[in-house]
Amino acid sequence: MINSIAVVTSGGDSPGMNAAARAVVRTALGEGVRVFGIYGGYTGMCDDHIEELTSRSVSDLIQRGGTFLGTGRSTRFRTEEGRKLAYDNLKKHGIEGLVVIGGDGSLSGASLLSQYGMPIVGLPGTIDNDVWGTDYTIGCDTAANTILDAINKLRDTASAHRRIILIEVMGRKSGWLAMMSGIAGGAEYVLVPEVKFDLDVISEEIKESYSYGKRYSIIVVAEGAGSAVDIGKVIADKTEIDTRVSVLGYIQRGGSPTVEDRMKASLLGERAALALISGASNVVFGYDQGKVVSIKLKDAVTNTKTLDPELVRLSRVLA
Ligand code: F6P
């Protein structure tokens, strides 16, 4: 039985990371296990920014986006030397197991750290929904709802001026976030890196739809599919229709988590702590069709999650 664990958030912050960390802390304490917080992601691990947490340390957090532990993208941790230093710091505090909450880059870092013999349980924390082996990642639902709110507002202006409006959303190389928010927001087109698109065809279709009386068009562009500003220029030239672009940026990463993110992150946090305490190692907990499942850490970081072709099809049918 493990007596002492730590929790770290790493990579881009995502709404629900706090809920997950809170669940890890309170579950472990409930089992009589000490819990340490690592501040500032893997950088904090290298710098020994590690402090013991109590139940009160995670009060007043469930409603907050971001991460109270802080996060980062550490270049030092990418080196063997940095990881050894981080491992030594964990051992110095008597830490026997680690919960890592982050996206695929952070979980890849966790996998490398585990080679020193540190038991690790990962939780998928990213708005991108791009972690292999899980339908769900912590924060994606909140981000998709934030995008939806933006689309609803952009519709007003698009309709008033009969404009084409492109909205660029995050997701790194993945089109999941764009596809989810595009379908839910009723976008005419969702441009994602996984699917080729032809701006000549799109422009012709938009022109034709305007000639039948359509008032406006909304195009969601995943950042991985290209710059919405550049794509917007091409569409404006080809259609000669008034076109505007909105790059949503970091607004979509923050904010109070939705019910789904709070609930799912809390369940994952509890499962992670219980698994780690009872000896599990090198696994990631996620969801498969609504149920919590565990995936091997190695599989999660060596495979690439693909965009559901059913969603691609649906976005075309409904547009
Ligand atoms: O992984 C989350 C994410 O927000 C991506 O969607 C985006 O490409 C990236 O992080 C931005 O990273 P940074 O916060 O380092 O600018």
Begin from the C-alpha positions of Asn89 and His49 and carry the test side chain to side chain donor-acceptor pair (under 3.5 Å) through to its verdict. CA-CA 9 Å; Asn89 285 334; His49 200 169; over 6 Å; no
Kindly say whether Cys140 contributes a backbone atom to a donor-acceptor pair with the side chain of Thr137 at under 3.5 angstrom? no
Residues at least two apart in sequence or cross-chain that pass side-chain hydrogen bond (donor to acceptor under 3.5 Å, both in side chains) with Thr54, listed by chain then number, are Ser57
Please name all residues satisfying side-chain contact (heavy atoms from CB on, under 4.5 Å) with Lys84, sequence neighbours left out, ordered by chain then number. Asp88, Tyr116
Contacts of Tyr216 meeting ring pair (Phe, Tyr, Trp, His ring centres under 6.0 Å) (sequence neighbours excluded), chain-then-number -> none
Set of side-chain contact (heavy atoms from CB on, under 4.5 Å) partners for Ser14, sequence neighbours left out: Met17, Ile127, Ile138
Do other residues, nucleotides or ligands put more than 12 heavy atoms under 6.0 Å from the NZ atom of Lys92? yes
Presence of salt bridge, Lys173 and Asp130, under 4.0 angstrom: no
If you measure from the Lys or Arg side-chain nitrogens to the Asp or Glu carboxylate oxygens, is any gap between Glu223 and Arg172 under 4.0 Å? no
Is the closest basic N to carboxylate O distance between Arg26 and Glu270 below 4.0 Å? no
Who pairs with Phe68 by ring pair (Phe, Tyr, Trp, His ring centres under 6.0 Å), at least two apart in sequence or on another chain? none
Would you please name every residue forming a salt bridge (Lys or Arg N to Asp or Glu O under 4.0 Å) with Arg162, sequence neighbours left out? none
